[in-house]
Amino acid sequence: MQNQEIVKIIENLKGRRDYEEKRASKLGFASLYDYFEDKISKKQKAIDDEQKELENTKTNQQPKANKKSCSCC
């Protein structure tokens, strides 16, 4: 089953299709579809990693904000 998003990307390449086909073959992909599938999965993984990193920094910053600088308050 093919991902419609990838099919649309390939259809809309127009003048860049030859370039992308050469790039895909150079990187060892059997087809243009496989190349874009890998490209999209890498983007999604990068986004997920970035979101996890942001969540970790938010949880690490919250306890520091609750600490008071002096003992009089």
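For clarity, every value in this text was computed on a predicted model and none was experimentally measured.
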Q) So which pairs with a foot in residues 37-60 pass ring pair (Phe, Tyr, Trp, His ring centres under 6.0 Å), sequence neighbours left out? A) none

Q. After noting the C-alpha distance and the side-chain angles of Ile9 and Ile40, does the key distance pass the side-chain contact (heavy atoms from CB on, under 4.5 Å) rule?
A. CA-CA 11 Å; Ile9 291 171; Ile40 290 173; 3.8 Å; yes

(Q) Can you list everything that forms a salt bridge (charged side-chain N to carboxylate O under 4.0 Å, His left out) with Lys8? Sequence neighbours excluded, please. (A) none

Side chains of residues 16-23: which donor-acceptor pairs under 3.5 Å do they make with residues two or more places apart or in other chains?
residue: Arg16; atom: NH2; partner: Glu20; partner atom: OE2; Å: 3.2
residue: Arg17; atom: NE; partner: Glu21; partner atom: OE2; Å: 3.0
residue: Glu20; atom: OE1; partner: Tyr35; partner atom: OH; Å: 3.4

Q. For Gln51, what residues pass the side chain to side chain contact (heavy atoms under 4.5 Å, CB included) criterion, not counting sequence neighbours?
A. Ile47, Asp48

Q) Please walk me through it: do Leu13 and Leu32 pass side-chain contact (heavy atoms from CB on, under 4.5 Å)? A) CA-CA 11 Å; Leu13 284 175; Leu32 197 56; 3.9 Å; yes

Q: For Tyr33 and Val7, work out which heavy atoms get closest and say how close.
A: CE1-CG2, 4.4 Å

Q. Mind checking what makes side chain to side chain contact (heavy atoms under 4.5 Å, CB included) contact with Asp34, not counting sequence neighbours?
A. Phe29, Ala30, Ser31, Glu37

Q: Identify the two heavy atoms, one from Thr59 and one from Asn56, that lie closest to each other, and give their separation to 0.1 Å.
A: OG1-O, 2.9 Å

(Q) With rounding to the nearest 0.5 angstrom, report the CG to CD distance, Asp49 to Gln44. (A) 10.0 Å

